[in-house]
Every structure is written in C-alpha cells, then in structure tokens.
*Asks:* 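Please read through the structure below; I'll follow up with questions.
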There are 2 protein chains.
Amino acid sequence: MTEIKQTSTNFSNKSALSDECPEAYASTIIGGQWTLVICSWLLSGKLRFGELKKKLPNITERMLTLQLRKLEENMIISRTVYAEVPPRVEYELTPIGYSLKPVIKELENWGVHHKKLTSKQLETEG
Amino acid sequence: MTEIKQTSTNFSNKSALSDECPEAYASTIIGGQWTLVICSWLLSGKLRFGELKKKLPNITERMLTLQLRKLEENMIISRTVYAEVPPRVEYELTPIGYSLKPVIKELENWGVHHKKLTSKQLETEG
DNA sequence: GTCAATACTTACATTTTTTATAGTACATAA
DNA sequence: TTATGTACTATAAAAAATGTAAGTATTGAC
C-alpha cells in the first residue's frame, strides 16, 4: 500500500483497466484485504478506531490505519477528530460510501451461494 | 499467486475473514487484477485463450494463464480442450460464474457513479 | 528439415500488500 | 512522578501478486 511506483507496468496496467472498465476500477477501490469488512461494519453506523479494532480482532493497527486512510482518500468514509484527551476519532460512511450497500449485498449473496455450491461439490467428490 | 504459505498470518487472516464474511470471501475469489475483466468478456460468450489475450492487450500469457487457472479452480469458468493441432482451448462461464452478472453490474454502476463524483470533486477543488 | 500457429510452462525479478514490533503525543488521575 | 488510554507513526521484514523473457509440444505446410 504505502507507496506505489508510478513508473511500473503494474501501475499502468491498473490505470488502463480502471479507465476502461468501471468494475475493475471499483475493485481496486474496495479490493483491499479488510476493506469490505470495514465498510460492512460502518453500514450499521459510525465507529471509533478502537471499536473497529475490536470488530476485526486480527487486524494490526497499522493495517487498520492504512485501510482507513485509503477509504478516506477515496471518499468512502469521513473522519472526525474530537479535540479531547485521550483522543477520539470517528469514522463514518459518506453518501457514496453508503451507496456501496447494494454492491456489498450482491457480493454477499453470491459469496453465500458459491460457498454452498462448492461445499456440496466437495461432498459429492469425497 | 503461484504459491501461498498456509502457515502465514496472512493466510489465516484471509481464511477467518472468508469464513465470517461472505463478501470478503467473494472478494478473494474475484479480486484478482484481471479477473473481473475476463469474466465481463466471458459474459458475452465463450472465448479462446488467444481471443482473450487480444481483448486484454497488456496482459502477459503467464498472468492470463494464472487467472484462468484460478477461475477454473473456483468453478467460475470451464475449460474445453480440442484435440487439434495447433491446439484450441475454449473458456466459458459456468452457471455460478454466469451468476456473477448482477455482482458485476452493481460494481459497474457504482464504479461509474464514483468516478463521476470524484472527477466533479476535482473540478471544484481545482 | 524448417517454419508456423496455438496454448501454454518455467525460472527469475520486481512491485505491492500485509504483518511484526516498538515507539509517540497528549492531559488527566493517582 | 508515574501510569493510563487512545489513535496513531516508523521501520523492517515477510508474503503475495505481478511482470519479463525465454522455452516447450504438436503436426501439417512448404
């Protein structure tokens, strides 16, 4: 994540794909390891950094920070800092972030469907 | 892609996420760099290896092969080899692969929407 | 015997993503 | 003065994904 090399083939490939193909574009935005889970949680309301951390027991603080920053850059979430000590920071979906809801729903449907089907398949084979 | 280390934290994190969260599960299946574009093309009918290559001008043969293998493993596409020389191989979506259609459609809609919104944002800022 | 066409495979290098670990700032409470 | 809680940051390393370049098998045409 941190730094990407704008001279790499990978970068230009991703750019070209994103230009031509809105679904690939969407995928680069919401395709991070923890991105969809974070968005799913935020669909039910804003959460603090620490609260998100508890929801995702295995994420490191660094990863959580990186993902949140990326989501913020992409205007999926907004970040509100309260001038208190200890600090309090709240994350919330923006309107366009919230509009991910049907996307997530379809992904979820399909995921459930696929999982069922492939586990059946394994039973038959075994 | 090639080899994944089943003892890594990354592997166990992905597994746990996939278990708990169907949308994350779906994302690991269709989240490859070229996956969605390949599926999009196949939505309009089966294609040969070389035809796919032409549709994706910048993909390397290695990448195309890897992505197709992964899609096949995940039962998204089927592969038919014709015993001819030179060889002919056709790739086609399976039923569950075809059922990605609404997912792709939502991703596409959202992608277009997001792109419009962010480009507007840039105009306003600039 | 050489070449062409197709769909790959292989070895290796680079880039990107993710994880590990330790640290920081701040004000209040004890 | 030291400890506490929160939301981070810095640095390094490991792992995963992607790219580069060259090679393979087949057989029919020339």
Side-chain angles (χ1 to χ4, degrees), chain A residues 1-17 24 27-35 37-38 46-54 56-72 77 79-91, chain B residues 1-17 24 27-38 46-72 77 79-91:
Chain A
M1 187 154 279
T2 17
E3 306 246 321
I4 64 172
K5 214 169 187 177
Q6 309 214 343
T7 54
S8 71
T9 306
N10 187 258
F11 178 81
S12 62
N13 280 346
K14 265 187 191 138
S15 305
L17 274 176
S27 171
T28 67
I29 293 183
I30 61 167
Q33 169 112 62
W34 307 88
T35 312
V37 202
I38 293 173
K46 59 184 164 186
L47 289 170
R48 297 177 62 176
F49 186 88
E51 291 173 325
L52 274 168
K53 220 183 99 182
K54 271 177 215 151
L56 312 170
N58 296 310
I59 200 170
T60 60
E61 301 193 338
R62 173 173 149 78
M63 255 299 125
L64 183 50
T65 304
L66 285 175
Q67 300 277 328
L68 290 171
R69 290 285 178 282
K70 194 185 160 194
L71 285 170
E72 201 191 347
I77 61 175
R79 178 171 179 267
T80 313
V81 184
Y82 296 88
E84 304 172 357
V85 170
R88 179 159 65 101
V89 180
E90 284 181 347
Y91 293 95
Chain B
M1 185 155 278
T2 19
E3 308 244 322
I4 66 172
K5 216 172 186 174
Q6 308 213 345
T7 55
S8 71
T9 306
N10 187 256
F11 179 80
S12 62
N13 280 345
K14 266 188 191 139
S15 304
L17 274 175
S27 172
T28 68
I29 293 183
I30 61 167
Q33 170 111 59
W34 307 88
T35 311
L36 281 172
V37 203
I38 292 174
K46 58 185 166 187
L47 288 170
R48 296 178 61 178
F49 185 88
E51 291 173 326
L52 274 168
K53 220 183 98 180
K54 270 178 214 150
K55 306 276 193 190
L56 312 170
N58 295 309
I59 202 171
T60 61
E61 301 192 339
R62 171 176 148 79
M63 260 298 128
L64 184 49
T65 304
L66 284 175
Q67 301 276 328
L68 290 171
R69 290 286 177 283
K70 194 185 160 194
L71 285 170
E72 202 191 345
I77 61 174
R79 179 171 177 266
T80 312
V81 184
Y82 296 87
E84 303 172 358
V85 170
R88 179 160 65 100
V89 179
E90 284 181 348
Y91 293 94

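Values in this document were obtained by computation on a predicted structure and should not be read as measured data. Just the heavy atoms: all of them, side chains too, but no hydrogens, waters or symmetry mates, feed the values below. So you know, we letter chains A, B, ... as the sequences are listed, proteins then strands, and number each from 1.
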*Asks:* C/dT16, D/dA7, D/dA16: which one has an atom nearest the side-chain heavy atoms of B/Lys5?
*Replies:*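 Nearest listed nucleotide: D/dA16.
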*Asks:* Could you tell me how far apart A/Gln6 (CD) and C/dT14 (C1') are, to the nearest whole angstrom?
*Replies:*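 Distance check: A/Gln6 CD to C/dT14 C1' gives 17 Å.
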*Asks:* Measure from CG on B/Leu66 to P on D/dA16 and round the result to the nearest Å.
*Replies:*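 Distance, rounded to whole Å: 15 Å.
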*Asks:* Rounded to whole Å, please give me the gap between CD in B/Gln67 and P in D/dA16.
*Replies:*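 After rounding, the reported distance stands at 16 Å.
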*Asks:* Take atom CG of B/Asn10 and atom C1' of D/dA17, then tell me their distance rounded to the nearest Å.
*Replies:*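 Nearest whole value for this atom pair: 11 Å.
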*Asks:* Would you say the side chain of B/Arg62 and the base of D/dT18 hold a donor-acceptor pair, judged only by whether the two atoms sit under 3.5 Å apart?
*Replies:*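 Such a pair is found, so the answer is yes.
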*Asks:* Provide, to the nearest angstrom, the distance between the CZ atom belonging to B/Phe49 and the P atom belonging to D/dT24.
*Replies:*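 Interatomic distance, CZ of B/Phe49 to P of D/dT24: 18 Å.
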*Asks:* What's the closest nucleotide to the B/Ser8 side chain, out of D/dT6, D/dA16, D/dT18?
*Replies:*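 Ranking D/dT6, D/dA16, D/dT18 by closest atom to the B/Ser8 side chain puts D/dA16 first.
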*Asks:* Please give, in whole Å, the distance from C/dT15 P to B/Gln33 CD?
*Replies:*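 Computing the B/Gln33:CD to C/dT15:P distance gives 15 Å.
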*Asks:* Any salt bridge between B/Glu90 and B/Arg88, counting N to O under 4.0 Å?
*Replies:*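 Result for this pair is yes, salt bridge flagged.
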*Asks:* The side chain of B/Trp34 lies closest to which of these nucleotides: D/dG19, D/dT6, C/dT19?
*Replies:*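 The closest nucleotide is D/dG19.
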*Asks:* Name the closest nucleotide to the A/Arg69 side chain, picking from C/dT9, C/dA7, D/dT9.
*Replies:*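 For the A/Arg69 side chain, the nearest candidate turns out to be D/dT9.
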*Asks:* Quick check for you: among C/dT15, C/dT19, C/dA5, whose closest atom lies nearest to any side-chain atom of A/Thr60?
*Replies:*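 The closest nucleotide is C/dT19.
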*Asks:* So if I take every side-chain heavy atom of A/Met63 and compare against C/dT19, C/dA7, C/dT17, which nucleotide ends up nearest?
*Replies:*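 Output: C/dT19.
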*Asks:* Could you please name the option among D/dG19, C/dA20, C/dA7 that lies closest to any side-chain atom of B/Thr9?
*Replies:*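 My answer, after comparing the listed nucleotides, is C/dA20.
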*Asks:* How about B/Arg69 and B/Thr65: do any of their side-chain heavy atoms sit closer than 4.5 Å?
*Replies:*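 Of all side-chain heavy-atom pairs linking B/Thr65 with B/Arg69, at least one is under 4.5 Å.
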*Asks:* From CZ of B/Arg88 over to C1' of D/dT27, roughly how many Å is that when rounded to an integer?
*Replies:*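 Rounded to the whole Å, the gap is 16 Å.
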*Asks:* Does B/Val85 or A/Ile59 map to a spot on DNA chain C nearer the 5' end, using the closest nucleotide for each?
*Replies:*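 Checking each residue's closest nucleotide, the 5'-ward one belongs to B/Val85.
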*Asks:* Measure from the side chain of A/Arg79, starting at C-beta and using heavy atoms only, and say which of C/dT9, C/dT18, D/dA7 lies closest.
*Replies:*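 Nearest listed nucleotide: D/dA7.
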*Asks:* By nearest nucleotide on DNA chain D, pick out whichever of A/Arg48 and B/Phe11 is the more 5' one.
*Replies:*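 The answer here is A/Arg48.
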*Asks:* From C-beta outward on A/Lys14, which listed nucleotide comes closest to its side chain: D/dG5, C/dT17, D/dA15?
*Replies:*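 Of the options given, the side chain of A/Lys14 lies nearest C/dT17.
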*Asks:* Decide side-chain contact (heavy atoms from CB on, under 4.5 Å) for A/Leu71 and A/Tyr91; before the verdict, give the C-alpha distance in whole Å, the side-chain angles of both, and the deciding distance to 0.1 Å.
*Replies:* CA-CA 10 Å; A/Leu71 285 170; A/Tyr91 293 95; over 6 Å; no
*Asks:* Report the residues that fulfil side chain to side chain contact (heavy atoms under 4.5 Å, CB included) with A/Gln6, sequence neighbours left out, ordered by chain and then residue number.
*Replies:*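 With neighbours one apart ignored, the set is A/Phe11.
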*Asks:* Whole-Å distance between D/dA17 C1' and B/Leu64 CG?
*Replies:*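 These atoms are roughly 16 Å apart.
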*Asks:* Once rounded to the nearest 0.5 Å, what's the spacing between atom CD1 of A/Ile77 and atom CG of A/Leu68?
*Replies:*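 If we round to the nearest 0.5 Å, A/Ile77:CD1 and A/Leu68:CG are 4.5 Å apart.
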*Asks:* How many angstroms lie between atom CD of B/Gln67 and atom CD1 of B/Ile59, to the nearest 0.5 angstrom?
*Replies:*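 CD1 of B/Ile59 is found 6.0 Å from CD of B/Gln67.
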*Asks:* Report which part of the nucleic acid A/Tyr82 touches: base, sugar-phosphate, or nothing (heavy-atom distance under 4.0 Å, all strands).
*Replies:*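 If one applies the 4.0 Å heavy-atom cut-off, A/Tyr82 turns out to touch nothing in the nucleic acid.
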*Asks:* Measuring to OP1 and OP2 of C/dT19, would you say a side-chain N or O of B/Asn13 lies under 4.0 angstrom away?
*Replies:*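 Yes, because at least one side-chain N or O of B/Asn13 sits under 4.0 Å from OP1 or OP2 of C/dT19.
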